[in-house]
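Just so it is clear: chains get the letters A, B, ... in the order the sequence lines come, proteins before strands, and each one is counted from 1.
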Amino acid sequence: MKKPPLLLDFEKPLAELEERIQQIRDLAVESGENANVSDRIRDLEARATQLRRDIFKSLSPSQRLQLARHPRRPSTLDYIQAIADDWMELHGDRGGSDDPALVGGIARFAGRSVVMLGHQKGRDTKDNVARNFGMASPGGYRKALRLMEHAHRFGMPILTFIDTPGAWAGVEAEHLGQGEAIARNLREMFRFNVPVICTTIGEGGSGGALGIGVGDRLLMFEHAVYTVATPEACAAILWKDASKAPQAAEALRITAWDLKELGILDRLLPEPPGGVHSDPVGGANILKAALTEELEALLGMTSEQRCQLRYQKFRHIGMFLEGATPSSNGRL
Amino acid sequence: MSLFDWFANRRKSPPIGQEQQEREIAEGLWTKCEQCGVLTYTKDLRANQMVCPECEYHWRVFSGDRIEQLIDPGTWQSLDEGLQPTDPLEFRDRKPYRDRLREYQEKTHLNDAVQTGIGQIDGEPTVLGIMDFSFMGGSMGSVVGEKLARAIERATKEGLSVIIICASGGARMQEGMLSLMQMAKISGALQRHRAANLLYIPILTHPTTGGVTASFAMLGDLILSEPKATIGFAGRRVIEQTLRQKLPDNFQTAEDLLTHGFVDAIVPRTELKATLAQLVRWHQPPQPSAPLVLSEPVPVVEGERG
């Protein structure tokens, strides 16, 4: 049986309405009075659709953050299994570890071999503990680099999926060079001569997200977020009060629309009504169609053009004033 | 007055009183070491590049002082001085970002948290970037990213080595995702510099953390650090809170990183210029030497064998 989705506060009125519809339906089946209630059900369903649209249209950044972190939100492995025709997971950084918080392998996609990799959050509490809630260790970033290097050598496009609260902050991670591992990925990802497409599927948390986030194109789901620091951490540092996280989420400009405006995001992926967690198959189809299209466009370029595109994409991010003339590098 | 009289007079004058001492510290004549408490004549401390002569404590230094310490006099040519930060997110925490910027600019006489330029280190032309912790904790926003990227690109074009003095709390939150992306931008510029087989040396100074550690601070062909500098990705307090355990004192120090293999050498500030000049010189492509002349083979005389 399908588990009922976990409810966020702002989803509750919708869930109540849907529950009432179901109750009426059940009653109708029991009493055999289908015809009498079908009008009423149709009316309620129309109201539910409208309510869903209204709720999801006007979400605040902190509500989007909740959606991005929704425990039922599809994960990297969910998407890979849904969009790849075939897939084999590959393990290990060849340096003594295999990080379950960052997974990857070779997939068949759009008629060719590609390397897919991404942060992996757990599907339940036990899985989450094993996968460290999607917070990768240095070994995870090194595994990703190894797989991307492989893709580069064998001419396979690289598709990465970003979904992490951030890179793991622990004693061992520091001793194994968390900073070095991320830094090296940032530099090397500029070197690969195959197409690189990065998609933020849920939570894009800071350097830990960027560690697999340097590509020709950045895609992002409608309710995904991408942040320089978690709003909680930002509130604790700048407001000296962690409870100001909603204000921080607002101020940090973390939504897909914000990133589009700042010239960082290339393509926003609309989610099915109610978010991808309420329709994972619909979400996967949207992702597959977009990746296929983007990949085709990138494959039409030479590797020099792609490397130049990737370099210029990041080279132009930023806003400043130069001399007396207010010039900006960004696309605001 | 003869020298003897001078000594005699000096012996007569009472030892410096507590009050006078405090007044002279306040006037900046003397500086009390933050670590060992020993008083040093400020002029002497500055002459020793703000390193305590007693305990070798490395004081924080301004970017301008760094230029003086490292670059041969009269050879510094600064780059992109006119770049000014702006407020792309209209960010406001307890105070608007705009006001913070203005305050720091007034306090430090800098536009933002990095100075870049070209200068000679013992005659070796080099591109140098110096982060300044006194400007918003050396945080990296659009201006820091742009100035460093331009400086690195300039070095790639002119075939020069790059040296960056790191001192930063990480990405500047007030510019949001634009700050995070500077990590990638600078790393991309370093990739091209590296592909041209040019030398890059970051110098990690206290503190080098967060997004700076997770990008250009750790991308050196060689990585040097000042003694006792704090260097890390995640903040010590964050780790302590997450793990609910107290961390050892040497955690995330330069010395700790050295034992774990992430720093090539710890170099005291007083030796930094000489070390850098030597390293840059050692990486110069070999000069074309005189053609190798093969000498006539020497016939082996029978009797000389074994």
Legend entry - Within residues 216-226 of chain B, residues adjacent to chain A where the heavy-atom gap is under 4.5 Å: B/Met218, B/Leu219

Legend entry - Distance, nearest 0.5 Å, that separates CD1 of B/Ile239 from CD of A/Glu172: 12.0 Å

Inset, instruction - Please determine, among B/Gly176, B/Gly188, B/Gly232, the option with the most heavy-atom pairs under 4.5 Å with chain A. - result: B/Gly188

Inset, instruction - Any chance you could lay out the side-chain contact (heavy atoms from CB on, under 4.5 Å) test for B/Thr213 and A/Glu180, step after step, and finish with the verdict? - result: CA-CA 7 Å; B/Thr213 300; A/Glu180 194 274 347; over 6 Å; no

Inset, instruction - Find the one option among A/Ala169, A/Ala248, A/Gly179, A/Gly166 whose heavy-atom pairs under 4.5 Å with chain B are most numerous. - result: A/Gly179

Legend entry - Engaged part of A/Ala251 at the chain B interface, taking heavy atoms whose separation is under 4.5 Å: both

Legend entry - Interface moiety of A/Ser206 toward chain B, non-hydrogen atoms closer than 4.5 Å: both

Legend entry - Ring-face cation of B/Arg192 near A/Phe190 (centre distance under 6.0 Å, axis angle within 45°): no

Inset, instruction - Answer with yes or no whether the side chains of B/Gln252 and A/Glu174 bring together a donor and an acceptor at under 3.5 Å. - result: yes

Legend entry - Check: A/Met319 main-chain N/O paired with B/Ser142 side-chain donor or acceptor under 3.5 Å: yes

Could you list the donor-acceptor pairs under 3.5 angstrom formed by side chains in residues 129-138 of chain A, with sequence neighbours left out?
{"unit_1": "A/Arg131", "atom_1": "NE", "unit_2": "A/Asp127", "atom_2": "OD1", "d": "3.3"}
{"unit_1": "A/Arg131", "atom_1": "NH1", "unit_2": "A/Pro100", "atom_2": "O", "d": "2.7"}
{"unit_1": "A/Asn132", "atom_1": "ND2", "unit_2": "A/Met135", "atom_2": "O", "d": "3.2"}

Inset, instruction - Supply the atom-to-atom distance A/Met189 CE to B/Gln191 CD, rounded to the nearest 0.5 angstrom. - result: 12.5 Å

Inset, instruction - Could you tell me which portion of B/Gln245 (side chain, backbone, both or neither) has an atom closer than 4.5 angstrom to a non-hydrogen atom of chain A? - result: side chain

Legend entry - Test side-chain contact (heavy atoms from CB on, under 4.5 Å) applied to A/Leu210 and B/Met181, step by step: CA-CA 8 Å; A/Leu210 191 60; B/Met181 293 294 155; 4.0 Å; yes

Legend entry - chain B contacts, top residue of A/Gly177, A/Ala173, A/Ala229 (heavy-atom pairs, under 4.5 Å): A/Gly177

Legend entry - Side chain, backbone, both or neither of B/Ala189 within contact of chain A (heavy atoms, under 4.5 Å): both

Legend entry - Distance-minimising heavy-atom pair for B/Phe262 and A/Leu176: CZ-O, 3.2 Å

Legend entry - Crowding at CD, B/Glu158 (>12 non-hydrogen neighbours, <6.0 Å): yes

Legend entry - Residue pairs fulfilling ring-ring contact (aromatic ring centres under 6.0 Å, His included) with at least one residue in residues 192-236 of chain A, sequence neighbours excluded: A/Phe56-A/His223, A/Tyr79-A/Phe221, A/His152-A/Phe192

Legend entry - Atom group of B/Asp87 that falls short of 4.5 Å from chain A, counting heavy atoms: neither

Inset, instruction - Output yes when a side-chain donor or acceptor of B/Lys185 lies under 3.5 Å from a complementary backbone atom of A/His316, and no otherwise. - result: no

Inset, instruction - For A/Ala167 and B/Phe233, work out which heavy atoms get closest and say how close. - result: CB-CE2, 3.7 Å

Legend entry - Reported CG-to-CG distance for the pair B/Leu180 and A/Leu252, which is rounded to 0.5 angstrom: 11.0 Å

Legend entry - chain B contacts, top residue of A/Asn185, A/Ile182, A/Asp258 (heavy-atom pairs, under 4.5 Å): A/Ile182

Legend entry - Part of residues 160-173 of chain B lying next to chain A, heavy-atom separation under 4.5 Å: B/Ala171, B/Met173

Inset, instruction - Please lay out, stage by stage, how A/Glu322 and B/Arg150 fare under the test salt bridge (charged side-chain N to carboxylate O under 4.0 Å, His left out). - result: CA-CA 13 Å; A/Glu322 185 153 29; B/Arg150 284 189 192 182; 2.7 Å; yes

Inset, instruction - Indicate the atoms forming the closest heavy-atom contact of B/Ser179 with A/Val228, along with that distance. - result: CB-CG2, 4.4 Å

Inset, instruction - Check whether any side-chain heavy atom of A/Ile264 lies under 4.5 Å from a side-chain heavy atom of B/Leu178, and answer yes or no. - result: yes

Inset, instruction - Could you tell me how the ring of A/His175 sits relative to the ring of B/Phe251: parallel (under 30°), tilted (30 to 60°) or perpendicular (over 60°)? - result: perpendicular

Legend entry - From A/Ile317 atom CD1 to B/Met177 atom CE, the distance as rounded to the nearest 0.5 Å: 8.0 Å

Inset, instruction - Against chain B, label A/Val214 side chain, backbone, both or neither, depending on which of its atoms sit under 4.5 Å from a heavy atom there. - result: side chain

Legend entry - B/Leu83 vs A/Leu321 side-chain heavy atoms within contact, under 4.5 Å: no

Inset, instruction - Pick one of side chain, backbone, both or neither for B/Glu153, based on which atoms fall under 4.5 Å of a heavy atom in chain A. - result: side chain

Legend entry - More than 12 heavy atoms of other groups within 6.0 Å of A/Arg153 CZ: no

Legend entry - Option that, when pairs with chain B are counted at under 4.5 Å, heavy atom only, ranks first among A/Arg184, A/Gln178, A/Arg187, A/Arg191: A/Arg187

Inset, instruction - Mark yes or no for whether B/Arg94, through its side chain, and A/Leu238, through its backbone, hold a donor-acceptor pair below 3.5 Å. - result: yes

Inset, instruction - Before accepting this row, confirm whether a basic side-chain N of the pair B/Arg92/A/Glu250 lies closer than 4.0 Å to the acidic partner's carboxylate O. - result: no

Legend entry - Rounded distance [0.5 Å steps], CG in B/Leu89 versus CD1 in A/Ile254: 11.5 Å

Inset, instruction - Could you grab the distance from atom CZ of A/Phe320 to atom CG of B/Asn111, nearest 0.5 Å is fine? - result: 12.5 Å

Legend entry - Choice from B/Gly261, B/Gly82, B/Ala184, B/Ser215 maximising heavy atom contacts with chain A below 4.5 Å: B/Ala184

